[in-house]
Amino acid sequence: MPEATDDLFTREDPIFANKELLEISHLPGEGRIVGRDNEISDLATAVNPAIFGQSPSNVLIYGKTGTGKSLCAKYVSQRLVDTAGEEGVTATFAYVDCAQDTTETQAVQTIADSVNDSEITGIKVPDKGLSTSTYYKRLWRILDQRFNVVLIILDEIDKLDDDDILMQLSRAGEAGKITDCKLGVIGISNKIQYKDRMDERVKSSLCEREFVFPPYDANQLRDIMDARSDAFRDGVLDSSTIPRAAALAAREHGDARKAIDILRYAGEIAQSNGSPTVKEVFVTQARERAETDRFRELIRGSTPHSRYVLQALALLSLSNSHKDGFRTSRVYEIYESICRQEGSDSLSLRRVRDLLKEHAFLDIIEQSKHSGGSAEGSYTKHQLLEDPGVVKEVLTEN
DNA sequence: CATCCACAGGAATGAACGGTTT
DNA sequence: AAACCGTTCATTCCTGTGGATG
């Protein structure tokens with residue numbers, strides 16, 4: 001609707017000039033990745049052979065969330081594909097978020113689907129309905145048909161509930177499943193201990209190279225935010241805003257994603273307050289909003305009972321502050337009463353134990369094992385890692 | 001030193017569901 | 001239309017665990 005001149009809507013955003021720069025999905029272009037130069041060149045040497053159509057080294061990357069692991073992996077892979085193309089080698093890479101595709105079948109499906117082009121190959125990769133081995137067979141066919149080299153990035157590899165896919169991928173060449181195509185795996189994990197529970201055979205082949213990404217320090221975070229500051233209009237950012245946000249984020253976690261979230265929220269708060277500039281004080285409010293948003297995202301899609309369990313724990317933490325956790329039976333009692341209140345049948349104790357374990361895996365709660373006392377054997381205590389107030393608020397929203 | 005209790009967690013099972021294939 | 005296939009959510013049964021108690 002062009003050129004209408006009423007003042008009902010603001011047509012010029014007073015704060016943001018280019019907000020996409022602050023979206024999590026936004027991939028910074030060349031020269032916009034800050035403070036990861038060493039990591040990038042290390043990665044590049046590891047996968048370098050692919051340019052000549054040889055097998056790239058398999059790589060495992062460790063590092064906490066928001067340290068630029070997937071960013072660098074994607075960046076290097078893209079550059080590799082481009083460079084290989086200049087050398088006349090057809091290469092591609094596939095990115096799998098194992099937090100979403102937790103099972104072997106789903107992961108293979110995503111890989112096959114993302115490297116496929118059914119117009120060229122004539123191979124169809126349906127979303128579901130096929131057996132795992134069928135997906136593999138189609139994947140190998142596609143790869144042999146189309147590519148000389150393929151890189152497979154497995155992000156959050158520790159969320160995978162099986163090692164099977166790693167086995168298959170690492171042995172694909174040897175077992176003669178693929179003949180014309182070389183395959184490299186880049187695994188990304190934020191749990192250092194992940195390697196310990198890996199199958200021995202997989203470990204030796206997958207961990208040819210290992211890199212650890214350290215958290216960003218305050219200076220790097222500031223550079224990262226500076227690099228994206230043209231998301232805002234000129235002069236809108238107070239000079240102290242970014243340093244404040246960087247200091248806050250560095251002290252707490254060194255997570256670049258969270259830091260950028262905070263910056264974006266600060267801008268949105270300025271917007272809704274009608275403030276002409278993004279003031280330093282908005283940063284603190286933004287941090288709180290970032291927290292609740294992150295938590296809401298974390299439990300999105302979880303079943304009602306999974307929430308009740310969490311709610312039970314939140315209630316316990318609120319009424320008994322400064323306790324180092326609550327044992328399963330206590331949580332279960334409260335959970336049962338919440339169920340009665342909600343008018344739904346409660347699940348078995350066994351099931352609730354599993355639900356608690358799932359939350360522990362997502363770092364929403366922390367579990368600790370204890371033993372002692374007469375007739376107590378071993379038991380587990382659960383403690384909320386999030387702010388109980390936030391948890392209760394989000395869970396009782398609707 | 002065997003017993004006991006309250007809890008942990010593995011294994012087997014199955015129903016419901018949404019999809020493909022032939 | 002019937003046969004398959006994988007996933008998720010849940011239950012039931014069963015075997016460990018470990019320190020105080022008699």
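These numbers come from the heavy atoms of this one structure, side chains and all, not from hydrogens, waters or symmetry mates. Reminder, nothing fancy here: chain letters follow the sequence lines and each chain counts from 1.
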Has T380(A) got a side-chain N or O lying under 4.0 Å from the OP1 or OP2 atom of dA8(B)?
-> yes

With respect to the phosphate group of dA10(C), does any side-chain polar atom (N or O) of S348(A) fall under 4.0 Å of OP1 or OP2?
-> no

Between S378(A) and dG16(C), is there a side-chain N or O to OP1/OP2 distance below 4.0 Å?
-> no

Is there any salt bridge (Lys or Arg N to Asp or Glu O under 4.0 Å) pair reaching into residues 95-107 of chain A, and which pairs are they, with sequence neighbours excluded?
-> none

Kindly say if T328(A) contacts the phosphate of dC7(B), meaning a side-chain N or O under 4.0 Å from OP1 or OP2.
-> no

Give a yes/no on whether any side-chain N or O of R138(A) is located under 4.0 angstrom from OP1 or OP2 of dT21(B).
-> yes

Look at K369(A) and dT17(C) and indicate whether a side-chain polar atom (N or O) is within less than 4.0 Å of OP1 or OP2.
-> no

So, are K69(A) and E39(A) salt-bridged, with charged N and O less than 4.0 Å apart?
-> no

Measure from OH on Y135(A) to P on dT21(B) and round the result to the nearest Å.
-> 8 Å

Spacing of D161(A) atom CG relative to dT7(C) atom P, expressed in whole Å | 8 Å

What are the two closest non-hydrogen atoms of S77(A) and I153(A), and how far apart are they?
-> OG-CD1, 3.4 Å

Looking at residues 350-364 of chain A, who's got a heavy atom less than 4.0 Å off DNA chain C?
-> R350(A), R351(A)

In terms of ring plane angle, is the pair Y379(A) and H370(A) parallel, tilted or perpendicular, where the classes change at 30° and 60°?
-> parallel

If you check every side-chain atom of S329(A), which of dT11(C), dC7(B), dG19(C) has the closest atom?
-> dC7(B)

NA contact type, T303(A), heavy-atom cut-off 4.0 Å: base, sugar-phosphate, or nothing?
-> sugar-phosphate

Would you please confirm or rule out a distance under 4.0 Å between OP1 or OP2 of dG6(C) and any side-chain N or O of T105(A)?
-> no

Does the pair E333(A)/R327(A) count as a salt bridge with the N-to-O cut at 4.0 Å?
-> no

Find the distance D345(A):CG to dT11(C):P and express it as a whole number of Å.
-> 9 Å

State which of dC7(B), dC5(C), dA10(C) makes the closest approach to the side chain of Y379(A).
-> dC7(B)

Ring centres under 6.0 angstrom apart (F16(A), F232(A)) | yes

Bend angle of the helix from dC1(B)-dG22(C) to dT22(B)-dA1(C), from helix axes over five pairs at each end, nearest 10° = 30°

Atom CZ of R327(A) and atom C1' of dG9(B) are separated, to the nearest Å, by 16 Å

Round to a whole Å and report the spacing from NZ of K137(A) to P of dC5(C).
-> 11 Å

Report the distance from atom CG of L130(A) to atom P of dT7(C), rounded to the nearest whole Å.
-> 12 Å

Is it true that D293(A) and R296(A) make a salt bridge, defined as a side-chain N closer than 4.0 Å to a carboxylate O?
-> yes

Parallel, tilted or perpendicular: ring planes of Y136(A) versus W140(A), cut at 30 and 60 degrees = parallel

In whole angstrom, give the distance that lies between atom OH of Y308(A) and atom P of dA10(C).
-> 11 Å

Any salt bridge between E252(A) and K258(A), counting N to O under 4.0 Å?
-> no

With the side chain of K128(A) defined as its heavy atoms from C-beta on, choose the nearest nucleotide among dG18(B), dA10(C), dC5(C).
-> dG18(B)

Does one side chain, of S306(A) or H359(A), offer a donor that lies under 3.5 Å from an acceptor on the other?
-> yes

K124(A) atom NZ is separated from dT21(B) atom C1', nearest whole Å, by 10 Å

